[in-house]
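Residue numbering restarts at 1 for every chain, and letters A, B, ... go by the order of the sequence lines.
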Amino acid sequence: AQTVTQSQPEMSVQEAETVTLSCTYDTSESDYYLFWYKQPPSRQMILVIRQEAYKQQNATENRFSVNFQKAAKSFSLKISDSQLGDAAMYFCAYQGGSEKLVFGKGTKLTVNP
Amino acid sequence: DTGVSQDPRHKITKRGQNVTFRCDPISEHNRLYWYRQTLGQGPEFLTYFQNEAQLEKSRLLSDRFSAERPKGSFSTLEIQRTEQGDSAMYLCASSLEGPETQYFGPGTRLLVL
């Protein structure tokens with residue numbers, strides 16, 4: 001079974017600074033997809049970024065980028081120029097041959113003004 | 001633009017009662033997923049539908065849980081004889097067919113007293 005591990009329960013960053021959230025996963029599949037979702041307090045989960053495993057190029061979405069290391073099974077999220085609105089729980093998720101998402105336990109990000 | 005909606009948003013019930021939740025997916029999405037999220041954890045997969053067919057169920061889904069999607073549009077998740085351990089956030093997500101991004105609703109928070 002696939003597993004996703006987020007080793008940082010909490011992280012904090014100063015406004016305008018850069019922060020990196022870590023995620024590792026375990027799988028024997030070769031084709032899969034990786035996601036970062038953001039869940040603000042009492043609000044719904046929204047997609048931040050998606051990476052297809054067959055693509056060597058790291059995905060980017062404005063201030064959000066990933067460092068995808070397939071051999072190491074590592075998928076970290078970098079948030080540049082952090083904003084107060086970035087404060088949330090961030091979940092790393094895996095989707096392989098089964099359609100379900102497998103989530104990590106999440107990292108709570110605090111942005112300090 | 002109508003995203004995924006869920007009703008009710010909050011439900012308090014007494015142990016032993018039955019509860020039913022509803023999820024309305026994004027209109028053109030033929031896949032619908034149910035997840036459960038407990039405090040401090042990432043969401044865990046429960047079941048998913050493609051159109052009206054229920055294609056996968058987690059072992060987490062005990063025989064007290066039943067889900068339907070009778071016309072391939074909205075879905076209901078029923079929990080019979082609720083237990084305190086059922087207290088959680090129940091999330092619904094929908095997607096197009098294939099390895100497509102899942103979009104989440106706001107969730108139904110269940111408290112069993």
Connected via hydrophobic side-chain network under 4.5 Å: A:Val48 and A:Met11: yes
Best-contacting candidate, B:Pro43, B:Pro106, B:Gly42, against chain A by heavy atom pairs under 4.5 angstrom: B:Pro43
Sole candidate of B:Tyr35, B:Phe45, B:Tyr48 that passes side-chain contact (heavy atoms from CB on, under 4.5 Å) when paired with A:Leu101: B:Tyr35
pair A:Gln44-B:Tyr103: side-chain heavy atoms closer than 4.5 Å: no
A:Phe103 reachable from A:Phe75 in the ILVMFWY side-chain graph, under 4.5 Å edges: no
B:Leu113, CG: over 12 other non-hydrogen atoms inside 6.0 angstrom: yes
Close aromatic pair by centroid cut-off 6.0 Å: B:Phe104 and A:Tyr37: yes
Within 6.0 angstrom of B:Gln80 CD, more than 12 heavy atoms from elsewhere: yes
Hydrophobic cluster identity match, A:Val4 and A:Tyr33, side-chain contacts under 4.5 Å: no
A:Gln39, part contacting chain B, at a heavy-atom distance under 4.5 Å: side chain
A:Glu99 side chain to B:Gln102 side chain, donor-acceptor N/O pair below 3.5 angstrom: no
Interatomic distance, B:Leu55 atom CG to A:Lys100 atom NZ [nearest 0.5 angstrom]: 13.5 Å
A:Phe91 reachable from B:Leu46 in the ILVMFWY side-chain graph, under 4.5 Å edges: no
Cluster link A:Leu77 to A:Leu34, ILVMFWY, side chain under 4.5 Å: yes
Side chain / backbone / both / neither for B:Arg31 at chain A, heavy atoms under 4.5 Å: side chain
Top contributor to chain A interface from B:Met89, B:Glu100, B:Gln50, B:Gln6 [non-hydrogen pairs under 4.5 Å]: B:Glu100
